[in-house]
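Below is one structure, written out as structure tokens; the observations come after it.
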Number of protein chains: 2
Amino acid sequence: MATIYEVSKLAGVSLATVSRVMNNNARVSDNTKKKVLAAMQTLGYRPNAIAQSLASNCSNSVGILVSELSGAFYGQMMSGIETELRAAGKHVIITTGHSEEEKEKDGLEFLIGRNCDAIIAHVEAVSDEYIVELSKGKTPIYLMSRHVEALSEKCISLDNEHGGYLATKSLIEHGHSKIAYIAGPQFKADASNRLQGHKRALSEHNIAFDETLFFIGDFKETGGSEGLHHLLKQGYDFTALVCANDEMASGAMKYAREHNVKLPSQLSIIGFDNVIFANYLYPTLTTVDNPVNEMGRMAAKMVLKEIYHQKNIEINRIFEPTVILRNSIKSIKTT
Amino acid sequence: MATIYEVSKLAGVSLATVSRVMNNNARVSDNTKKKVLAAMQTLGYRPNAIAQSLASNCSNSVGILVSELSGAFYGQMMSGIETELRAAGKHVIITTGHSEEEKEKDGLEFLIGRNCDAIIAHVEAVSDEYIVELSKGKTPIYLMSRHVEALSEKCISLDNEHGGYLATKSLIEHGHSKIAYIAGPQFKADASNRLQGHKRALSEHNIAFDETLFFIGDFKETGGSEGLHHLLKQGYDFTALVCANDEMASGAMKYAREHNVKLPSQLSIIGFDNVIFANYLYPTLTTVDNPVNEMGRMAAKMVLKEIYHQKNIEINRIFEPTVILRNSIKSIKTT
DNA sequence: TTGTATGCGTTATCAT
DNA sequence: ATGATAACGCATACAA
């Protein structure tokens with residue numbers, strides 16, 4: 001690996017001059033510039049980003065922390081962030097938190113230690129206080145899908161409560177009143193907010209929340225199948241099911257088919273997130289759109305504007321969920 | 001951000017001593033160790049990974065390059081790599097190549113510039129020569145799903161040709177002989193190898209390859225629906241369809257349903273990759289298992305063994321595809 | 001066991 | 001316009 005020193009020697013100039021042509025921020029005569037460029041070429045010189053970062057205290061890279069690297073939801077989010085940043089010549093350093101407090105902290109600190117110019121995090125296990133404390137450091141932290149009051153201008157979130165409300169309301173408007181619910185892990189704010197919305201829709205239509213029609217899953221396919229298994233085993237009847245995300249909905253749909261529950265004639269299902277494959281399930285899944293990809297792009301735009309000082313960027317911090325009607329809900333006659 | 005210098009001052013020792021307790025590789029008296037630890041505590045000291053990396057020429061992090069951050073395939077791969085590495089206390093720096101030569105090079109050089117101890121890459125657009133050249137640098141490069149002769153001991157790959165062969169053979173064994181094929185982008189080695197396998201299975205059973213039953217898609221859902229649209233439009237008849245990956249299979253399945261082609265009675269479909277949701281489609285998708293997650297883990301193990309010198313690790317560089325029989329293939333009578 | 005001094009590859013602040 | 005030289009925060013060979 002050639003260093004800037006070797007380049008300077010070959011070009012017959014000083015270190016400083018080489019550095020100048022690299023960052024072309026200062027005047028360098030065309031002649032010497034040419035010599036330096038040539039030297040770089042023949043040596044196959046590549047700047048050492050680490051050294052640049054240490055000296056300039058700027059890494060031109062932003063850290064991303066997500067819970068998992070797999071899963072359509074996180075994929076869309078990362079993809080949105082990266083697309084926008086990459087277009088601006090910035091790089092992304094991704095790591096994971098696995099929804100565990102220690103790992104999230106570890107990941108966050110790793111990112112800070114790597115001198116990221118900013119961090120975009122989707123954290124679920126660490127406390128608000130911890131985040132606020134960390135935000136006092138030199139690395140700005142932006143939060144995805146989470147609202148922390150003290151950091152509200154750095155938070156991008158979906159109105160999950162409203163989404164949960166819409167999902168259940170949609171079922172009610174199709175004539176359903178016996179509605180089961182498979183929730184996500186309640187320590188996740190997304191999950192608990194969606195559930196709150198569900199309860200609001202219920203009470204607004206004078207339907208009592210029924211504990212026996214309720215199950216807490218893991219936000220994965222298995223959570224959906226286990227949930228439906230549990231609900232069916234109870235023997236209580238219900239005509240509709242809300243799943244707090246699409247993965248669980250797909251698991252429930254599969255379980256239903258395997259146990260001869262006709263979809264949607266015997267059971268209507270609505271999911272949440274509108275991940276890509278929701279549209280490829282059978283029946284195609286009616287769900288609540290969660291524009292994660294756009295939210296990711298927006299997070300990226302925020303750091304582009306606030307950290308890298310790009311102009312003419314419109315910011316929007318709250319995203320609204322919308323119901324995507326497909327074929328997994330059947331209308332039933334109201335008596 | 002407190003530095004090692006401030007810690008040393010507060011603890012009343014030298015820089016070197018602080019450094020020693022951090023890396024606890026040299027003997028330090030319990031007493032002074034305690035003092036240093038205490039000083040770190042009260043200052044909330046966090047080592048600057050950048051500086052460590054510059055000084056030690058080791059970053060304890062490995063770079064990953066994938067084409068896309070979204071998509072079940074890449075998700076499984078990244079996840080496998082990260083799981084294994086994280087368990088060993090190493091971090092991962094992920095970036096993308098978007099299947100474009102310039103971006104892949106850019107990503108690779110970014111990773112090298114960040115001083116990664118090794119790189120695990122899934123590159124599709126850069127040439128073998130470029131990779132070989134890059135491998136002569138100080139950063140070892142491991143290749144996922146790609147075989148480069150000169151670097152064969154650093155390549156982890158699936159026998160895609162065999163997989164393609166198995167897929168078509170499976171259809172043939174179910175009595176099909178009119179078999180259409182929706183391929184992936186042919187500049188991708190995976191895609192072209194799978195196609196080769198398909199042709200081999202065909203010729204082995206004396207079935208001529210028919211250009212009219214062939215379409216090249218984009219490895220995404222849209223490729224599958226466009227492909228089936230194209231094939232159906234031709235008016236030629238076929239009873240079975242091989243899709244070079246599951247996303248395209250799901251797209252084709254959706255298109256089939258929308259155009260009243262009964263699955264699997266009128267059309268049998270087999271996919272490739274066995275991504276998670278293949279098991280949640282309807283009918284559940286018969287496909288060729290591509291153990292990307294395990295392959296990711298294996299790549300991680302290779303760097304753990306060869307770069308970080310961990311012992312007792314078994315290495316396996318070639319993975320075999322297997323057919324996962326589900327419900328998307330119908331047996332038909334052979335005349 | 002502990003401290004001193006030097007180097008890692010850049011950027012940046014001075015001069016010239 | 002260009003060249004010395006001091007940071008940047010840490011690791012490490014060498015001394016003590």
Side-chain angles (χ1 to χ4, degrees), chain A residues 1-37 39-40 43-61 109-117 137-139, chain B residues 1-37 39-40 43-61 109-117 137-139:
Chain A
M1 273 301 142
T3 73
I4 197 176
Y5 176 71
E6 306 176 41
V7 175
S8 79
K9 218 168 48 179
L10 202 163
V13 297
S14 73
L15 297 184
T17 304
V18 177
S19 177
R20 285 185 186 105
V21 348
M22 286 185 51
N23 307 298
N24 65 312
N25 43 15
R27 294 255 68 88
V28 179
S29 80
D30 279 7
N31 199 355
T32 58
K33 181 182 287 187
K34 236 166 254 169
K35 284 191 299 186
V36 172
L37 256 16
M40 286 178 168
L43 287 175
Y45 170 75
R46 306 253 150 250
N48 180 324
I50 292 292
Q52 286 180 318
S53 178
L54 186 61
S56 69
N57 201 29
C58 163
S59 63
N60 276 316
S61 62
E109 283 165 13
F110 169 75
L111 260 15
I112 292 176
R114 299 300 296 189
N115 244 356
C116 293
D117 298 332
K138 70 169 180 186
T139 312
Chain B
M1 276 302 141
T3 75
I4 197 176
Y5 176 70
E6 306 176 42
V7 174
S8 79
K9 219 170 47 178
L10 202 161
V13 297
S14 74
L15 296 185
T17 304
V18 177
S19 178
R20 286 184 187 107
V21 347
M22 285 184 53
N23 306 299
N24 63 313
N25 43 15
R27 295 255 68 86
V28 179
S29 80
D30 279 8
N31 198 356
T32 59
K33 181 182 284 185
K34 236 166 253 169
K35 284 193 299 187
V36 172
L37 256 15
M40 286 179 168
L43 286 175
Y45 170 75
R46 305 254 151 249
N48 180 324
I50 292 293
Q52 286 180 319
S53 177
L54 188 60
S56 69
N57 200 30
C58 164
S59 62
N60 277 316
S61 61
E109 284 164 13
F110 169 75
L111 259 14
I112 292 176
R114 300 298 297 189
N115 243 356
C116 292
D117 299 332
K138 68 170 180 185
T139 313

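Keep in mind it's a predicted model, so treat the numbers as computed, not measured. Note on naming: letters A, B, ... go to the chains in the order of the sequence lines (proteins, then strands), and numbering restarts at 1 for each one.
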Just call it for [X]: base, sugar-phosphate, or nothing, with non-hydrogen atoms closer than 4.0 Å on any strand.
| X | answer |
| --- | --- |
| A:Ser53 | nothing |
| B:Val13 | sugar-phosphate |
| A:Thr3 | sugar-phosphate |
| B:Asn23 | sugar-phosphate |

| said: Just verifying a value: how many Å separate B:Glu6 CD and B:Leu15 CG, rounded to the nearest 0.5 Å? | reply: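 The CD atom of B:Glu6 sits 11.0 Å away from the CG atom of B:Leu15.
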Write down the distance between [atom1] ([X]) and [atom2] ([N]), rounded to a whole number of angstrom.
| X | N | atom1 | atom2 | result |
| --- | --- | --- | --- | --- |
| A:Asn60 | C:dT10 | CG | P | 15 Å |
| B:Ile4 | C:dG3 | CD1 | P | 12 Å |
| B:Tyr5 | C:dT4 | OH | P | 11 Å |
| A:Arg46 | C:dT10 | CZ | P | 12 Å |
| A:Met22 | C:dA12 | CE | P | 11 Å |
| B:Lys33 | C:dT2 | NZ | C1' | 14 Å |
| B:Asn25 | C:dT1 | CG | C1' | 14 Å |
| B:Arg27 | C:dT2 | CZ | C1' | 14 Å |

Item to complete: Please step through side-chain contact (heavy atoms from CB on, under 4.5 Å) for the pair A:Ser8 and A:Thr17, ending with a clear verdict.
Response: CA-CA 8 Å; A:Ser8 79; A:Thr17 304; over 6 Å; no
*asked:* Quick check on DNA chain C: between A:Ser19 and B:Ala26, whose nearest nucleotide comes earlier from the 5' end?
replied: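 Upstream on the strand: B:Ala26.
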Q | Of the listed nucleotides C:dG9, C:dT4, C:dT11, the one nearest the side chain of B:Ser14 | A |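 The answer is C:dT4, which lies nearest to the side chain.
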On DNA chain D, compare the nucleotides closest to B:Ser56 and A:Thr32; which residue's is nearer the 5' end?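 The residue closer to the strand's 5' end, by nearest nucleotide, is A:Thr32.
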Please tell me if the side chains of [X] and [Y] come closer than 4.5 Å, counting only heavy atoms from C-beta onward.
| X | Y | result |
| --- | --- | --- |
| A:Ile4 | A:Tyr45 | yes |
| B:Asn57 | B:Lys138 | yes |
| A:Lys33 | A:Val36 | no |
| B:Leu43 | B:Leu10 | yes |
| B:Arg114 | B:Ile50 | yes |

To the nearest 10 degrees, what angle separates the axes at the start and end of the helix from C:dT1-D:dA16 to C:dT16-D:dA1, five pairs each?
->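 The two end axes of the helix from C:dT1-D:dA16 to C:dT16-D:dA1 meet at 40°.
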task: Answer yes or no: side-chain N or O of B:Arg20 and base N or O of C:dG3 forming a donor-acceptor pair under 3.5 Å.
output: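 It does, because a donor-acceptor pair links the side chain of B:Arg20 to the base of C:dG3 below 3.5 Å.
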* Residues B:Val13, B:Val18; criterion side-chain contact (heavy atoms from CB on, under 4.5 Å); working and verdict -> CA-CA 7 Å; B:Val13 297; B:Val18 177; 3.9 Å; yes
Point to revise | Nucleotide interval of DNA chain D bounded by contacts with chain A (heavy-atom cut-off, under 4.0 Å) | key: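 Here the contact window of chain A covers D:dA1 to D:dG9.
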inquiry  = Using a 3.5 Å distance criterion without hydrogens, assess whether the side chain of B:Asn23 forms a donor-acceptor pair with backbone atoms of B:Asn25.
reply    =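 Checking the backbone N and O of B:Asn25 against the side chain of B:Asn23, no donor-acceptor pair under 3.5 Å is found.
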Going by the side-chain contact (heavy atoms from CB on, under 4.5 Å) test, name the single residue among A:Ser56, A:Ser53, A:Ser61 that passes it with A:Asn115.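 Running side-chain contact (heavy atoms from CB on, under 4.5 Å) over A:Ser56, A:Ser53, A:Ser61 with A:Asn115 returns exactly one hit, A:Ser53.
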